[in-house]
Amino acid sequence: ARRSAGVRESPPDPQECARLAVGVRAGDRRTLAKAITLAESTREDHQALARAVMADLLPETGHALRMGITGAPGVGKSTLIEALGLHLVAAGHRVAVLAVDPSSAVSGGSVLGDKTRMEGLARHPQAFIRPSPSSGALGGVAAHTREAILFVEAAGYDVVIVETVGVGQSETDVANLTDVFVLMQLPNAGDDLQAIKRGIVELADVFVYNKRDLDPAAADRAMAQMAGALSLLRPPAAGWKPPVLGVSALTGEGVPAFWREVLRCRDTLAASSELAAKRRRQALAWTWHLIDGGLRERFHADRAVRAALPLVLEQVGAGTLTPTAAAARLLDESRGR
Ligand code: GDP
């Protein structure tokens with residue numbers, strides 16, 4: 001039986017690889033789902049197969065508009081994505097929705113994967129919805145979302161929406177995976193300040209205040225306040241001034257205008273070659289992120305390190321060894337294998 005954990009695997013079966021690549025390219029949903037599942041798997045042979053399929057498909061990737069969206073639970077993300085998604089499929093687009101759900105790593109359940117969300121879109125033949133995997137793999141909860149984006153692009157989806165709730169690292173991760181990053185908020189929720197404090201405001205290319213139908217005056221006040229705050233900040237990209245919009249995801253009011261702003265952002269970035277530079281930066285950052293994670297995993301798996309670690313840490317705790325000396329000794333141990 002093939003197992004993971006460092007055992008050298010035989011290379012992936014070329015026929016299986018070709019079959020998967022052909023299926024994904026043809027837009028076959030089951031094959032697409034299978035490919036993403038392989039990339040998410042913790043089994044080394046699955047990952048090797050996913051990598052081989054991806055290598056085959058790479059020339060067909062990169063053409064989609066990648067939009068990230070974040071906001072607190074209940075702000076209306078799935079309602080907006082449903083409204084926007086249906087608007088886009090009606091216009092002939094193919095829309096993929098990927099969720100990055102930091103709560104799933106903790107609870108094992110998936111808040112974003114809830115079956116009742118985006119029902120109309122989920123049933124649509126031109127849409128593909130993928131909840132986030134329930135384990136926090138190497139590289140964090142968004143680890144396999146990058147691969148999933150590439151797979152759905154190869155399958156012909158021209159709009160990819162990556163959604164996350166505003167918890168921890170996930171927002172930064174999603175901003176680093178997408179071309180246009182949208183921050184969704186509510187008027188009166190007092191979370192503007194929170195977002196500013198957490199540094200999310202600096203990442204956002206488009207600001208959306210939802211549920212404008214409930215209290216238009218409050219929405220307009222919140223929007224004006226955010227616009228004022230933004231005028232003090234450096235824009236996320238040269239030549240792009242982030243717009244602040246009011247929408248009602250429930251009634252659909254403002255949704256087409258919202259999409260026009262997302263397109264305008266993408267086009268502005270593309271025209272100044274900022275988009276290519278952004279994607280390049282993202283790919284390089286991701287590479288280093290994976291290398292860092294891999295090195296850390298190797299370090300902790302190293303037998304010599306494991307043997308030395310308890311005593312060294314105890315000595316640091318007792319003040320008989322400096323952190324500098326401790327780190328140098330452990331890093332030397334790991335090099336010794
Ligand atoms: P999410 O957790 O951010 O995905 O939020 P949901 O899309 O599930 O929305 C949370 C609740 O707010 C649901 O009951 C929606 O029907 C409601 N909702 C979403 N958008 C609007 C809106 O524009 N106006 C009003 N009145 N309710 C909304």
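The basis for the numbers below is simple: all heavy atoms, side chains too, and nothing from hydrogens, waters or symmetry mates. In this chain, numbering begins with 1 at the start of the sequence shown. In each ligand, atom 1 is the first atom listed, and ligand 1 is the first ligand listed. These numbers were taken from a predicted model, which means no experiment stands behind them.
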Quick one: sort the Tyr157 and Phe128 rings into parallel, tilted or perpendicular, breaks at 30° and 60°.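 Tilted, since the angle between the ring planes falls between 30° and 60°.
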
Test side-chain contact (heavy atoms from CB on, under 4.5 Å), reference Leu183, set Val244, Ile69, Ile200, output is Ile200

Under the side-chain contact (heavy atoms from CB on, under 4.5 Å) test against Cys265, which residue among Leu65, Val182, Val180, Leu275 passes?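 Of Leu65, Val182, Val180, Leu275, side-chain contact (heavy atoms from CB on, under 4.5 Å) with Cys265 is met by Val180 alone.
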
| query | Would Gly74 count as a contact of ligand 1 if the rule is a heavy atom under 4.0 Å away? | reply |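 Per 4.0 Å heavy-atom rule, Gly74 contacts ligand 1.
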
Worksheet item: Just going by heavy-atom distances, which of Asp213, Ile69, Leu186 is nearest to atom 26 (N) of ligand 1?
Response: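 Looking at heavy atoms only, Asp213 sits closest to atom 26 (N) of ligand 1.
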
| field | Shortest heavy-atom approach to atom 21 (C) of ligand 1 - which of Met184, Lys211, Arg212 | value |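 Looking at heavy atoms only, the winner is Lys211.
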
N/O of [X] under 3.5 Å from N/O of ligand 1, yes or no?
X: Pro73; value: no
X: Thr79; value: yes
X: Glu163; value: no
X: Leu250; value: yes

Show the atoms of ligand 1 that are less than 4.0 angstrom away from any heavy atom in [X].
X: Lys77; result: 1 (P), 2 (O), 3 (O), 4 (O), 5 (O), 7 (O)
X: Ser248; result: 22 (C), 23 (O), 24 (N)
X: Leu214; result: 26 (N)
X: Ala72; result: 3 (O)

Q.
Side chains of Thr37 and Arg130 only: does a donor on one sit below 3.5 Å from an acceptor on the other?
A. yes

No-hydrogen, no-angle side-chain donor-acceptor test under 3.5 Å, Gln315 and Thr320
no

* To do: I would like to know whether Lys278 and Asp205 meet salt bridge (charged side-chain N to carboxylate O under 4.0 Å, His left out); could you show each step before the answer?
  => CA-CA 13 Å; Lys278 189 174 190 175; Asp205 302 298; 3.6 Å; yes

ask   = So which bit of Val75 gets within less than 4.0 Å of ligand 1, heavy atoms only: side chain, backbone, both or neither?
value =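 It is both parts that get close, each with some atom under 4.0 Å.
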
Should we count CZ of Arg264 as having more than 12 external heavy atoms under 6.0 Å?
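Counting neighbours around CZ of Arg264, more than 12 heavy atoms of other residues, nucleotides or ligands fall under 6.0 Å, so yes.
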
### Query
Salt bridge check: are Arg66 and Glu153 linked by an N-O gap of less than 4.0 Å?
yes

